[in-house]
Amino acid sequence: MELPFKAGNILLPKKNVDMYKWSVVACDQYTSEPEYWKEVNEIVGDEPSTLNLTLPEIYLEDSDVESRIKNINANMKKMLDNDIFDEYKDSMIYVERTQNDGKIREGLMGLVDLEAYSYEKGSQTLIRATEKTVIERIPPRMKVRENALLELPHIMILIDDDKKDIIESLKNKVSDSDVVYDFDLMQKGGHIKGYLLNNDIINEINNKLELLMDKTNFENKYDVHDKGVLLFAMGDGNHSLATAKACYEKLKGTMSKEEYLNNPARYALVELVNLHSSALEFEAIHRVVFDADKEDLLKNLYEYYDINEDGNGQRFELVTNDGVKELYITNPKSNIAVGSIQIFLDDYLSNHSGKIDYIHGEDTTKNLASKDNNIGFIFDPMAKEDLFKTVILDGALPRKTFSMGHSYDKRFYLEARKIK
């Protein structure tokens, strides 16, 4: 097996660019808050910014989306023509992101090989989706990427390094002379600092990742057999990486094998983050079903699963206008409660009335679910240590199983790379 991670030619703005205005949050955040993006627009003004190179998803359904995409492509060409980037050849960057809460999340920028990635259900590839990929979300995102000259990643991919030996150890191997950026991020984004890594450090990283990828080590670690090695699990940006894969697969139809295997579109620029980072917190995403026949839904739920109130099985809380009830499933269909309930809801709502929404925060869930004809399901946060084992055994989790921190702590656009 070939390691599906490598150094890449990374573009960073030259020193005269205002980095505070350059770097904006991932496009899939604040999708119901136009005022957030209005504020970002006012902060950026006419300065060079990743805001002009990406499409906030709040605008994805707008009637002018085609012209927005054309402007993005034109802006990429203009920035390349105006030579605003320095290119760091065959590079990896060690990232220290100080979050809004003061915790430091460490990361590693490099390229993943899309040949080793699949978002298909049941995939056994080295790089896998952790949540169900909604195929319908890919085509509109392909329109943004397929004619783009550059990619700017908001993708965060997780490694399961409980010894904290691969990424966290890098802080002891870099110095101030390696710093390539160091600045505050806008809109409660905290602070970010990046260090260019030398070839010796890159080789050491590769050797350690190869040990994580070793099949014997993998099987012993997770106590599994006859399962494909899972090296990298998606954290954030699942549909962004799926879009890169779909564009690459489409490109393959126009090229010989030698051409597409050597094409820059074969790779995607991402940030690797350790699952065991103390700054990385998993938060539960709850469910509310609106406008449902409450009695019928509950009757079906109790027929679908063996449910008790005795503390035996997978725990969840059921919220209705009658109050909150703590329940347990003794015959689950998933490794975690949120997965078992999602399987039931997908099945039930395919031929019954009701509309599901995914809610952050217990209080909000309780408030919404306490209204007539609504039903809420509250879950404990998934233990992040369970993520890899669950994906190995169950495959991709149901969509909206967990969230990694607050919107303002998500990855900001910063580095770029040529994909044509």
Side-chain angles (χ1 to χ4, degrees), residues 1-8 92 107-133 138 151 153 155-167 202-249 251-252 257 260-277 280 335 384-397 404 417 419:
M1 283 188 296
E2 190 177 331
L3 184 66
F5 188 72
K6 58 179 271 187
M92 289 183 189
L108 176 65
M109 297 299 300
L111 304 188
V112 289
D113 186 353
L114 296 172
E115 286 283 337
Y117 161 67
S118 172
Y119 51 82
E120 301 293 339
K121 188 175 180 181
S123 158
Q124 296 288 295
T125 47
L126 287 165
I127 310 168
R128 280 176 234 170
T130 49
E131 294 188 341
K132 181 181 177 184
T133 304
I138 296 175
E151 66 170 356
I155 298 162
M156 278 173 49
I157 290 181
L158 302 174
I159 61 169
D160 187 0
D161 175 24
D162 51 358
K163 297 188 180 81
K164 296 188 175 182
D165 185 42
I166 299 173
I167 297 173
I202 290 172
N203 289 336
E204 191 180 327
I205 290 166
N206 290 341
N207 290 337
K208 289 176 178 178
L209 286 173
E210 282 172 356
L211 281 175
L212 267 192
M213 192 174 74
D214 177 80
K215 189 166 176 63
T216 303
N217 289 343
F218 170 82
E219 291 183 343
N220 290 337
K221 180 174 184 173
Y222 299 107
D223 190 24
V224 294
H225 300 283
D226 304 320
K227 297 280 185 186
V229 172
L230 173 60
L231 177 64
F232 296 145
M234 289 303 304
D236 277 335
N238 181 41
H239 288 89
S240 183
L241 193 66
T243 299
K245 173 74 170 178
C247 286
Y248 174 55
E249 291 299 326
L251 198 67
K252 281 184 174 183
K257 186 172 182 180
Y260 68 68
L261 288 179
N262 289 288
N263 193 283
R266 173 180 170 178
Y267 300 93
L269 184 60
V270 306
E271 180 179 355
L272 292 189
V273 175
N274 187 11
L275 176 71
H276 300 276
S277 166
L280 204 63
N335 203 40
K384 63 182 184 179
E385 293 77 15
D386 293 343
L387 178 67
F388 273 66
K389 183 79 178 270
T390 302
V391 171
I392 292 161
L393 294 177
D394 284 8
L397 303 168
M404 294 197 327
R417 174 178 161 264
I419 51 173

With rounding to the nearest 0.5 angstrom, report the [atom1] to [atom2] distance, [X] to [Y].
X: Lys245; Y: Leu114; atom1: NZ; atom2: CG; value: 6.5 Å
X: Met234; Y: His239; atom1: CE; atom2: NE2; value: 10.0 Å
X: His225; Y: Glu219; atom1: NE2; atom2: CD; value: 6.0 Å

* Asked: Does Lys215 NZ have over 12 foreign heavy atoms under 6.0 Å away?
  ->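 Yes - once you tally the heavy atoms of other residues, nucleotides and ligands closer than 6.0 Å, there are more than 12.
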
* **Lys252 backbone acceptor or donor facing Lys257 side chain under 3.5 Å** =>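 Side chain of Lys257 to backbone of Lys252, a donor-acceptor pair under 3.5 Å: no, none is there.
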
* Checking Arg417 side chain against Pro153 main chain: does a donor-acceptor pair fall under 3.5 Å? ->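 No; judged by distance alone, with no hydrogens or angles, the pair does not exist.
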
* Dump the intermediate steps for side-chain contact (heavy atoms from CB on, under 4.5 Å) on Leu280 and Leu158, then the final yes or no. => CA-CA 10 Å; Leu280 204 63; Leu158 302 174; 3.6 Å; yes

* Asked: Taking all non-hydrogen atoms of both residues, which atom of Ala129 and which atom of Val391 are closest, and how far apart?
  ->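 Scanning both residues, the minimum pair turns out to be O-CG1, 4.0 Å.
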
* **Shortest non-hydrogen separation from Ala242 to Thr133 and the atoms involved** =>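 Closest approach of Ala242 to Thr133, heavy atoms only: CB-CG2, 4.1 Å.
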
* Any chance you could lay out the side-chain contact (heavy atoms from CB on, under 4.5 Å) test for Lys384 and Leu387, step after step, and finish with the verdict? => CA-CA 5 Å; Lys384 63 182 184 179; Leu387 178 67; 5.5 Å; no

* **Positive for side chain to side chain contact (heavy atoms under 4.5 Å, CB included) with Tyr260, one of Glu115, Arg266, Glu249** =>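 Result for side chain to side chain contact (heavy atoms under 4.5 Å, CB included) with Tyr260: Glu115.
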
* **Sole candidate of Ile159, Leu126, Val112 that passes side chain to side chain contact (heavy atoms under 4.5 Å, CB included) when paired with Leu231** =>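 Of all the options given, the one that passes is Leu126.
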
* Derivation and outcome, side-chain contact (heavy atoms from CB on, under 4.5 Å), residues Ile138 and Tyr119 -> CA-CA 11 Å; Ile138 296 175; Tyr119 51 82; 3.8 Å; yes

* Asked: Between Lys6 and Tyr267, is NZ or CZ placed under 6.0 angstrom from the six-membered ring centre and within 45° of the ring axis?
  ->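 Satisfied, under 6.0 Å and within 45°.
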
* What pairs with Phe218 under ring pair (Phe, Tyr, Trp, His ring centres under 6.0 Å), at least two apart in sequence or on another chain? ->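 If we apply the ring pair (Phe, Tyr, Trp, His ring centres under 6.0 Å) test to Phe218, skipping adjacent residues, the hits are Tyr222.
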
